[in-house]
Every structure is written in structure tokens, then in C-alpha cells.
Novice: 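Encoded as C-alpha cells, here's the structure I'll be asking about.
In each ligand, atom 1 is the first atom listed, and ligand 1 is the first ligand listed.
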Amino acid sequence: MTLKKNIIALRQKKAQVQMGGGKKAIEKQAAMGKMTARARILYLLDVNSFHEYDLFVEHEERNFGMDTKELAGDGVITGTGTINGAPVCIYAQDFTVMGGSLGLKHARKITKIMDHALKMKVPCIGINDSGGARIQEGIGALAGYGEIFYRNTMASGVIPQISVILGPCAGGAVYSPALTDFVFVVENISKMFITGPNVIETVLGEKISQEDLGGARVHAEITGNAHFYAQTEIECMNQIKELVNLLPHSNEKKAAKITPKKPTFGKNLENIIPADPKQPYDVREIIFALTDESKFLEVQELWAPNIVIGFGRMEGETVGFVANQPMYLAGVLDCDASDKAARFIRFCDAFNIPIITLEDMPGYLPGVDQEHAGVIRHGAKMLYAYSEATVPKITVILRKAYGGGYIAMNSRHLGADFMFAWPSAEIAVMGPEGAANIIFRKEIMEAEDQDAMRQQKVEEYIEKFANPFVAASKGYIDAVIEPKETRELILHGLEVSKNKDDYRPKKKHGVPPF
Ligand code: HXC
């Protein structure tokens with residue numbers, strides 16, 4: 001054969017394999033509103049930037065009729081490309097090929113591209129659409145997943161790892177995402193569970209829909225497994241692009257700086273917090289007033305909304321925000337809020353992203369439910385994460401900073417580099433009502449008019465402690481500032497922290513309260 005004929009044969013062979021499980025299977029997926037695995041990659045990456053490898057890899061299983069089965073690309077597409085010019089490694093499982101199930105060769109394609117990402121120090125994106133371990137392959141499939149989980153762990157904190165759930169994902173297809181940094185889900189399309197409904201029905205005799213077992217909203221709102229929720233695959237892909245733009249390629253780099261822009265949010269910072277300390281407000285408005293173009297990419301928006309986490313830019317550089325949200329449960333810290341914030345803090349710290357903490361909360365949530373759910377262990381994660389972080393850490397106390405929450409929200413005592421407080425800050429062991437009832441109990445009980453005495457004592461307490469000046473007089477607060485000075489002082493804090501070098505004792509690794 002001439003080279004020309006060989007080229008034509010190559011093109012035909014490629015076109016055939018690139019059809020995945022065939023026209024019918026593709027149509028079935030399309031009817032469910034799903035893009036093909038290849039279309040997903042091509043939409044996500046810059047035009048003409050995708051280069052595929054291992055297209056002709058074949059499975060080697062011979063049992064259960066597998067000897068006669070041809071599986072295009074063994075059910076997964078792998079390669080490299082760019083997103084807005086930034087290099088990434090990527091894989092996408094193809095549900096049209098045996099339900100995207102994972103056999104050993106399928107797994108080895110994935111581990112090869114993961115190894116590449118780790119060596120080249122670029123983010124790795126996995127698009128998961130898979131029934132999990134390929135049942136016919138038995139131990140080979142389990143080995144394959146084990147090799148993926150191992151690499152997820154090795155890459156953790158070195159390169160950003162992003163998982164996209166775009167189908168009914170079971171078993172290993174959800175455990176690998178759980179080990180990565182960010183999980184994206186799409187309404188009606190994403191399903192995540194350890195064991196599929198068919199197996200549950202067989203083993204437990206229970207009938208349950210895929211959606212109820214683990215649909216997109218379940219994971220975005222209830223379990224916290226998902227970090228980003230979208231209505232459509234296109235919206236999801238655009239969210240991924242936005243996130244990748246904000247992140248560094250690896251832990252050895254800083255996120256790319258872009259042209260600085262001023263905030264565009266219309267409200268004056270002085271008018272966001274209500275005069276009555278019991279009234280709620282949306283802390284995101286404060287974030288909008290601080291970030292370039294007032295842009296903020298919120299992470300885990302629907303889960304544990306009493307704390308807000310996410311990325312923005314200040315003077316063109318990526319920063320991470322952790323902010324109590326007075327709109328939900330008065331911004332109290334509970335088990336989920338602590339888990340949410342602690343993991344985000346560790347991500348920012350691993351990837352050289354400064355952390356800005358905005359504080360307004362009444363402390364940790366008391367009560368039997370939280371105690372039994374392990375608020376001690378979960379709450380400790382935040383103490384650990386902030387204490388351990390060596391990136392620049394700046395806190396602004398907006399209003400309430402009570403009790404353990406005051407310490408947990410990146411206080412000076414956990415290593416904050418700059419502590420600012422607005423004049424509205426109230427820094428105390430607990431809220432004035434609770435405090436007065438305890439420390440002035442005797443006076444209140446003995447008073448003729450107990451209510452009047454209680455009110456008087458509450459006011460005395462507010463006068464004495466519910467302000468930022470006691471903490472400022474001890475040097476725990478560096479400056480009591482006007483709201484309008486906040487952005488300038490944070491920017492200055494970031495500027496002078498550029499060469500921050502924080503000592504940590506030598507150790508193999510810590511033992512955080514996982
Ligand atoms: C082999 C599989 C498969 C699997 C699906 N298929 N999952 N083949 N191994 N794990 C095949 C189906 O046989 C079918 O083939 C095709 O993929 C499409 O599947 P359907 O069932 O028709 O699709 P759907 O109704 O949408 O249901 C999808 C599903 C269901 C919910 C994923 O297939 C399912 O419950 N699969 C089993 C899920 C599961 O429990 N996996 C756990 C594996 S254990 P045909 O030829 O008919 O088109 C695991 C352990 C890892 O992963 C380690 C964890 C720590």
C-alpha cells in the first residue's frame with residue numbers, strides 16, 4: 001500500500017472508532033439531552049486544541065462473551081488541549097460503549113493521562129459517565145480503579161483536579177471524583193451513587209429512582225459532594241472554563257494575573273449591614289464590593305449556605321473568600337459549614353491563593369443534633385485548616401465575632417496576617433443577651449423589675465465588650481477601619497505579603513480531624 005492509501009485507511013479506522021458505541025446508542029443518549037463524550041471535550045477545550053491519544057487501545061478480557069466484543073477506545077477518550085490558552089489533560093468516559101464501564105485498559109488510559117498531567121504540572125479534568133467497574137472484568141476493573149484512586153491522591157495538592165459528572169455514575173466512577181478538588185453536576189443528567197438502583201433492588205429489594213438516590217440537586221444541596229450545579233451541559237462547561245481561568249496550573253505557580261479592574265457593584269459598603277444587629281443581609285454584596293468587576297465564582301453555593309466560599313480577583317489576582325452568611329441561620333458555624341470552609345481553605349493554601357475572611361457569626365451551633373453529628377470533630381477542621389495555611393490570610397470582622405467562631409474564623413491567634421474590624425464589630429465570648437443572663441444572673445433574679453434589670457445589664461455588656469476596641473487595645477485587631485477603606489487595606493495587605501515565608505515544624509504530614 002502506498003502512504004496515501006495508508007492515510008485513507010487511518011482516517012477510516014479513526015472515524016469508525018470515533019463513533020463510539022454507534023449511531024443508535026448515540027441517539028439514545030441525545031434523547032436524554034446528553035452530548036457525546038467527544039462533543040463534550042471539543043466544547044470545553046479551545047477550538048482545534050484537542051489532541052487525542054490511545055484511540056486504538058483495546059480491552060483484553062476474554063470471559064463472559066467479551067472475546068467477541070469490540071469496544072471503541074475501550075469506552076474512554078483521553079488527550080490534551082487548552083482552555084483559554086491554559087494547558088490541561090482530559091478524559092471523557094463514553095456511555096455509548098458498554099455504559100462507560102471501566103475495565104483495566106480503560107483505566108490504564110486514564111492513569112496514563114493522569115500521570116502526564118502530574119508530570120507536566122497541568123490541571124486534569126475527568127468527565128465521568130460510567131456504570132463503574134466493568135462487571136465482566138472482575139479484579140481487573142477493581143485494580144484499575146485502585147490505580148486511579150492512588151493517582152488522585154498523589155496529584156492532590158499538586159495539580160487542580162476537576163471532575164464532571166455527566167450521566168449515571170456508580171461505584172468507582174464517583175469515588176474518583178470524591179478524591180478530586182471540584183465536582184460539577186447538571187440537572188437531570190448527573191447521578192452519583194456507590195451502588196446503582198438495579199443492584200439495590202436485587203440485594204435489598206428496594207425500588208428507588210436514580211434521581212432520588214443521587215441526582216444533581218441531592219449532591220449540590222444535601223450531601224455536598226458537588227461543588228458546581230448547572231441546568232445544562234453547556235452552562236456546566238462554561239462554569240468549568242471560568243474556574244480553570246481562576247486557578248494556577250499547579251502548586252508551583254500562581255494563578256495568572258489579568259488586567260486589574262475596579263468593582264462595579266453599585267451599593268456603598270456602609271449601606272449593606274442593617275443598623276439592627278439581629279437583621280440579616282447578603283454577605284455576597286460585600287464580596288461584590290471588593291472584587292474586580294464585582295465578579296465572584298461561588299463554590300458549593302447550594303450546600304451549607306450559612307457559609308460562603310469562592311474565588312474572585314483583586315487587582316487582577318485570584319483570591320479565595322470565606323464569609324459567614326447572615327442570611328442563613330445567622331451565619332452560624334455547624335458541621336457542614338465547617339467541612340465546606342476547611343476543605344476550601346486547604347485548597348487555597350495548596351495552590352498559593354490568598355484567603356480573605358469576612359466574619360459575622362454568632363459562634364458554633366449549639367444543641368443535641370449538632371453535638372451528635374460531631375460538631376466538635378467537624379468544627380476542629382476549620383481550626384486546623386486556618387492554622388496550617390501559610391498563604392496570606394486577611395480577616396475583616398464586619399459584625400458579630402462570638403466565642404469559638406471568633407477564634408475559628410481566621411483570628412490573629414490562628415495566624416491571621418492582618419486583622420481588620422469595622423466599627424460595627426462585636427467581639428465577645430457570646431451574644432449580649434446570653435452573656436448578661438449568665439454573669440448578672442443574681443442581680444437580675446433579685447431585681448424588682450427583672451426585665452428592666454436584664455435590659456440594663458445587656459446594655460452594660462454591649463458597652464463593655466460588644467465592640468472592636470477591647471480586642472484592638474490588646475493588639476488582636478490591627479486596625480479598626482471604615483468600610484470604604486476595606487478594599488484598599490486588603491490590597492495593601494496582599495501586596496506586602498507577597499514574599500510571605502511562614503515557618504512550620506518539619507513533619508511528614510499532620511493528622512487533621514478528618
Ligand atoms: C458492565 C455495564 C455496567 C457495569 C452498565 N453497564 N454498568 N456493563 N459493567 N458496571 C452496561 C449495561 O449492561 C448496558 O449494556 C449499558 O451499560 C447501559 O446500561 P443500562 O443499565 O442500560 O443503562 P441505565 O438504565 O441508564 O442504567 C445505568 C446504571 C446501571 C444505573 C449505571 O447500568 C447500573 O446500575 N449499573 C451497575 C452500577 C453499579 O452498581 N456499579 C458498581 C460497580 S462496583 P447493554 O449491552 O445492555 O447496552 C464498582 C467498584 C469500584 O465500581 C470500587 C469502589 C470503591
Novice: Are any of the N/O atoms in G131 less than 3.5 Å from those in ligand 1?
Specialist: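 G131 vs ligand 1: N/O contact under 3.5 Å present.
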Novice: Please report which non-hydrogen protein atom sits nearest to atom 34 (C) of ligand 1, along with the residue it belongs to and the distance in Å to one decimal place.
Specialist: N198 ND2, 4.0 Å
Novice: Excluding sequence neighbours, so at least two apart, what forms ring-ring contact (aromatic ring centres under 6.0 Å, His included) with Y91?
Specialist: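 In terms of ring-ring contact (aromatic ring centres under 6.0 Å, His included), with neighbours along the sequence ignored, Y91 is linked to no residue.
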Novice: If you scan the protein for heavy atoms around atom 47 (O) of ligand 1, do you find one that is closer than 4.0 Å?
Specialist: no
Novice: What I want to know is whether A170 and ligand 1 share at least one N or O pair that is separated by under 3.5 angstrom.
Specialist: no
Novice: Do the numbers put K14 on top of the ring of F56, so that NZ or CZ is under 6.0 Å from the six-membered ring centre and no more than 45° off the axis?
Specialist: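 Output no; distance or angle outside limits.
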Novice: Given F50 and L42, is the side-chain contact (heavy atoms from CB on, under 4.5 Å) satisfied, shown in steps?
Specialist: CA-CA 7 Å; F50 179 56; L42 294 180; 4.0 Å; yes
Novice: Among all the protein's non-hydrogen atoms, which is closest to atom 19 (O) of ligand 1, and how far away is it?
Specialist: F95 CZ, 4.0 Å
Novice: For G171 and ligand 1, does the shortest N/O to N/O distance drop below 3.5 Å?
Specialist: no
Novice: Does anything in residues 345-392 form a ring pair (Phe, Tyr, Trp, His ring centres under 6.0 Å)? List the pairs, not counting sequence neighbours.
Specialist: F182-F347, F347-F351
Novice: One thing to verify: whether K34 and E233 come together as a salt bridge, which I'm taking to mean a side-chain N less than 4.0 angstrom from a carboxylate O.
Specialist: no
Novice: Can R217 be said to sit on top of Y229's aromatic six-ring, NZ or CZ under 6.0 Å from centre and within 45° of the ring axis?
Specialist: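 Yes, cation above the ring, under 6.0 Å and within 45°.
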Novice: Can a side-chain donor-acceptor contact be found between N152 and S176 if the only test is distance below 3.5 angstrom?
Specialist: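 Yes, a side-chain donor-acceptor pair sits under 3.5 Å.
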Novice: Which residue supplies the protein heavy atom nearest to atom 40 (O) of ligand 1, what is that atom called, and how far is it?
Specialist: G196 N, 3.2 Å
Novice: Would you mind checking which non-hydrogen protein atom is closest to atom 24 (P) of ligand 1, with the distance to 0.1 Å?
Specialist: Q210 NE2, 4.1 Å
Novice: Quick one: does ligand 1 sit under 4.0 Å from the side chain of V199, the backbone, both or neither, non-hydrogen atoms only?
Specialist: side chain
Novice: How close does the nearest protein non-hydrogen atom get to atom 43 (C) of ligand 1, and which residue and atom is it?
Specialist: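 Looking only at protein heavy atoms, the one closest to atom 43 (C) of ligand 1 is A133 N, 3.8 Å.
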Novice: On a heavy-atom basis, I'd like to know which of K69, M98, Q136 is closest to atom 2 (C) of ligand 1.
Specialist: M98
